[in-house]
Amino acid sequence: MSEKLVLVDGNSILYRAFFALPLLNNEKGVYTNAVYGFTTMLLRILEEEKPSHLLVAFDAGKTTFRHKTYTEYKGGRQKTPSELSEQFPLVKELLGAFDISHYELDQYEADDIIGTMSNEAKQDDMDVKVISGDRDLLQLVDKGVNVSLTKKGVTNIENYTPEFLEEKVGIRPDQVVDMKALMGDSSDNIPGIPGVGEKTAVKLLKQFGTLEAIYENLDQINGKKLKEKLENHKDDAFMSKELATINRESPIKVKLNDITYNGYKPQRVLELFKELGFHSLLNRIEGGDYETEQETNSLEEIEYRLIEDVKSDLFSGKDALFLEMLEEHYYYGTVLGFAVVNHKGNYFIPTEVALNSEAFKAWAEDEKQEKFVFDAKRVTVALKRQEIDIKGISFDMLLASYIINPAENHHDVPSISQRMDFYNLSYDEEVYGKGAKQKVPEEEVMSEHVVRKANAIFQLKDSIVDKLKENDQYHLYTDLELPLAAVLGEMEYYGVQVDTDRLNEMGAELKERLNTLEQEIYELAGESFNINSPKQLGHILFEKLELPVIKKTKTGYSTAADVLEQLKDKHEIMPKILLYRQLGKLQSTYIEGLLKVVDEGEQKIHTRFNQALTQTGRLSSTEPNLQNIPIRLEEGRKIRQAFIPSKEDWVIFAGDYSQIELRVLAHIAGDEKLIDAFQNNLDIHTKTAMDVFKVDDDKVTSNMRRQAKAVNFGIVYGISDYGLSQSLGITRKEAKAFIETYFESFPGVKAYMDQIVKEAKQNGYVTTIMNRRRYLPEITSRNFNRRSFAERTAMNTPIQGSAADIIKKAMIDLAARLEEENFEAKLLLQVHDELILEAPKHEIERLQQTLLEVMENTVQLDVPLKVDFACGDTWFDAK
DNA sequence: TGCCAAGATG
DNA sequence: CGACGGATCTTGGCAC
């Protein structure tokens with residue numbers, strides 16, 4: 001069996017990983033993104049290469065023998081960021097756990113160690129593979145020596161053999177150093193010949209072979225300038241060559257025998273992974289699953305009583321309650337049981353016991369008895385289904401966790417607990433399995449797990465509340481999100497009536513039109529194919545019909561609507577495809593999709609609002625998403641005809657905030673012109689156009705208004721100049737100029753944008769008017785993309801988030817008013833800036849008044865809030 | 001099962 | 001120098 005040596009350029013891979021991955025940190029706040037990237041790369045090598053010998057080489061210290069040649073070597077390089085340098089010890093720890101050797105040598109770089117080892121191995125006829133992100137290493141490529149360079153990220157690599165190098169770059173491995181001598185390398189501060197880039201270098205080397213040969217034949221060079229430059233920088237070129245050449249005879253002390261690789265002990269690796277928080281990598285380690293089960297069994301014991309008959313003295317007035325249900329959809333799911341934990345003890349109450357108990361119901365409905373739960377809305381809706389109207393929920397671990405940091409991806413009891421340094425429980429996945437394998441284990445295992453979750457809530461409640469208070473977010477939590485959960489729960493439980501006949505009717509009509517279109521498209525294409533497959537469609541359009549390729553995706557031709565739109569006049573088939581797409585979307589997502597989730601009995605849809613997901617504080621809606629029902633195109637808008645009142649002589653009611661985000665912007669930026677515009681109730685897009693184009697209002701063309709609208713849209717949604725250029729079909733430069741003119745016109749907005757970015761850099765987060773927070777660790781990133789994104793987020797989140805705060809408060813206020821004033825009207829949906837209700841006709845006038853009053857006055861800003869209102873027989877008609 | 005491209009909304 | 005694409009949800013296709 002042939003032996004294989006893998007040599008890893010440790011520094012290079014770590015740098016790559018650090019800049020490729022977002023700044024992750026584990027629960028102790030230690031940055032781990034580079035180590036994480038390094039680990040995924042390492043696992044991949046072990047799996048794919050199965051090396052018999054393995055060494056990771058690192059650079060040593062600041063100076064190398066190259067500095068004697070050139071003191072400026074690697075000069076001007078930015079200092080390694082501390083977020084990265086603190087990860088080096090972790091990597092060495094990681095290598096220790098994997099039993100992998102690493103090596104560094106004073107005065108030498110990782111390259112030299114790798115070059116030397118690779119030479120030795122070559123003499124022993126071993127296969128060698130070098131892993132790095134540094135193109136210099138390509139000089140080592142040879143028969144039996146492959147060099148893999150990271151392309152994008154860390155695990156995406158490109159493998160160079162001598163043939164591939166020739167094909168890709170056009171040079172032999174031994175010419176790599178000559179090339180660098182000519183081109184130089186700004187990152188290593190190697191001068192090279194100014195003005196010579198890759199193309200010229202390759203051309204020269206193809207012609208002459210080596211740097212030396214080039215200088216021997218200078219007279220043959222065509223191009224006076226080039227020749228001059230070569231002559232003037234001869235010394236630089238030769239010095240550069242020397243610097244770029246890897247030393248293949250470094251005085252290293254390791255021998256091949258020292259770096260044989262015999263695998264690792266899973267136990268050690270698993271332990272370290274857990275410590276680092278690499279949970280997603282656990283299952284890639286042999287025995288990873290087994291180990292996690294082990295952990296389940298090794299939890300500290302917990303005692304609890306199985307309740308067979310609920311007595312009211314079980315409760316204490318301050319009880320943690322956990323309702324267990326595996327299904328995501330709590331409106332339809334099965335309740336597996338309840339756990340109650342209080343200062344008296346821990347209890348598990350089986351579903352039937354609880355639901356058949358008067359004492360349980362009485363306790364649940366008693367507002368004075370405080371309950372600490374996880375996901376108040378889930379509990380509320382699931383119990384409503386059982387005719388229990390739970391009251392007195394004073395703590396919701398889910399909402400609290402979301403408020404503390406919406407960026408956390410895992411807001412479940414075990415994850416939250418872990419972040420609070422509380423470990424005495426397992427993950428749901430460990431107890432129930434996941435995916436198709438998910439199942440309910442034996443009763444005792446399940447009940448103990450549920451008790452542990454209630455216990456975690458009970459134990460952690462106080463410190464979580466402290467944390468909220470510390471961040472001045474207790475009001476947001478207790479006066480906004482918690483009461484909102486009850487309002488949303490009521491809305492979800494109540495549901496929206498759907499006219500399924502209407503949907504079926506539309507579906508039948510669509511089906512026919514789609515069939516006809518399909519046939520026509522096949523006819524024009526000359527063959528039948530799957531129009532829904534971008535791959536097949538791309539083949540037909542761009543290969544068979546030879547239409548011009550406008551945009552590509554990673555996997556092939558782009559067939560997105562904006563691309564097809566540009567080809568509309570190029571071929572008869574295009575309008576048909578566009579229409580097919582449009583109607584197909586309506587059919588699959590809105591007709592079929594909605595019909596699938598209509599409750600058979602009552603013909604209602606019960607969407608679920610996710611209250612703890614978005615980074616800005618907005619809600620989202622699932623199964624189905626009722627926040628993206630079509631409206632822009634007439635054809636799609638008709639879907640709304642299927643949303644109807646649930647009772648006769650009732651109507652659908654809609655109230656929407658007009659320009660709430662821009663009003664919020666005017667308020668928080670304190671921009672006088674913007675405030676003035678809203679106080680005078682001007683058309684804001686026209687007003688923007690007037691200011692940006694410097695014309696009177698009667699001179700604003702519809703095109704100017706359209707462009708101004710796009711700029712306003714951009715401000716609200718935080719898009720970049722690139723984004724604006726895309727939406728307006730102009731160049732990035734023009735878009736940038738646009739934005740600048742906008743800022744000149746609204747200096748208050750400009751000042752706010754500058755100030756909020758500064759604030760974000762200082763604090764590490766931004767806040768909304770109700771003190772919702774969003775952390776922006778990447779605001780100090782050295783990566784342009786990351787930093788820019790964070791900056792736009794800093795500007796945008798207070799705007800969008802404050803608007804979200806406002807409508808949430810309006811919902812709570814409105815629900816209270818409806819109840820106090822004995823309205824029959826019911827809230828149905830929230831779509832970011834509008835509220836949808838249903839109401840009996842006789843309430844219309846009174847409701848209109850109340851709705852406007854509540855929505856417009858729920859907060860007082862420096863500009864008025866304006867609400868538009870409409871009602872009709874269906875959602876479609878409420879326009 | 002999981003990812004991608006596409007398209008719907010504010 | 002230029003880099004750079006708002007969020008969330010659902011669908012169908014397709015590779016694994």
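Every chain is numbered from 1 and lettered A, B, ... according to where its sequence line falls, protein lines coming before strand lines. The figures here come from the full heavy-atom set of this structure, side chains too, leaving out hydrogens, waters and symmetry mates. Bear in mind that the values here come from a model prediction, so they are computed numbers and not experimental data.
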Determine, step by step, whether A:R378 and A:D375 satisfy the salt bridge (charged side-chain N to carboxylate O under 4.0 Å, His left out) criterion, reporting the C-alpha distance in whole Å, the side-chain angles of both residues, the deciding distance to 0.1 Å, and the verdict.
-> CA-CA 5 Å; A:R378 164 179 288 261; A:D375 196 349; 3.5 Å; yes

Looking across every strand, which nucleic acid part, if any, lies under 4.0 Å from [X] by heavy atom: base, sugar-phosphate, or nothing?
X	result
A:T614	sugar-phosphate
A:G435	sugar-phosphate
A:R618	base
A:I629	sugar-phosphate
A:S558	sugar-phosphate
A:Q726	base
A:R632	base

Nearest whole angstrom, please: distance from the [atom2] of [N] to the [atom1] of [X].
X	N	atom1	atom2	value
A:I531	B:dG7	CD1	P	14 Å
A:K638	B:dA8	NZ	C1'	18 Å
A:K437	B:dT1	NZ	C1'	11 Å
A:Q800	B:dT9	CD	P	17 Å
A:N783	C:dG2	CG	P	17 Å
A:I631	B:dT9	CD1	P	8 Å
A:F876	B:dT9	CZ	C1'	17 Å
A:R640	B:dA8	CZ	P	13 Å

Using only side-chain N and O atoms of A:T555, determine if any of them is under 4.0 Å from OP1 or OP2 of B:dA5.
->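 Answer is yes, contact under 4.0 Å.
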
Could you name each residue pair satisfying salt bridge (Lys or Arg N to Asp or Glu O under 4.0 Å) that touches residues 800-811 of chain A, not counting sequence neighbours?
->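 Residue pairs passing salt bridge (Lys or Arg N to Asp or Glu O under 4.0 Å), neighbours aside: A:E481-A:K808, A:R772-A:D805, A:K809-A:D813.
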
In B/S/- notation (B base, S sugar-phosphate only, - none; protein heavy atoms under 4.0 Å), nucleotides 9-16 of chain C written 5' to 3' is BBSSSSS-

With rounding to whole Å, what would you report as the distance between B:dG7 and C:dG2 at their C1' atoms?
->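 The same atom, C1', in both gives a distance of 31 Å.
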
Same-atom distance (C1') from B:dA6 to C:dA3, integer angstrom = 26 Å

Pairing residues for [X] by the ring pair (Phe, Tyr, Trp, His ring centres under 6.0 Å) criterion, not counting sequence neighbours:
X	result
A:Y432	A:H449
A:Y557	A:F542
A:Y331	A:H606

Honestly, is A:R608 close enough over A:Y330, meaning NZ or CZ under 6.0 Å from the six-membered ring centre and within 45° of the axis?
-> yes

Planes under 30° and centres closer than 5.5 Å, is that true for A:F784 with the base of C:dA3?
-> yes

Kindly determine whether A:K733 and A:D721 satisfy salt bridge (charged side-chain N to carboxylate O under 4.0 Å, His left out), including the steps that lead there.
-> CA-CA 8 Å; A:K733 237 186 191 155; A:D721 48 5; over 6 Å; no

Report the residues that fulfil side-chain contact (heavy atoms from CB on, under 4.5 Å) with A:Q582, sequence neighbours left out, ordered by chain and then residue number.
->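 Partners of A:Q582 under the side-chain contact (heavy atoms from CB on, under 4.5 Å) test: A:L579, A:L633, A:E635.
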
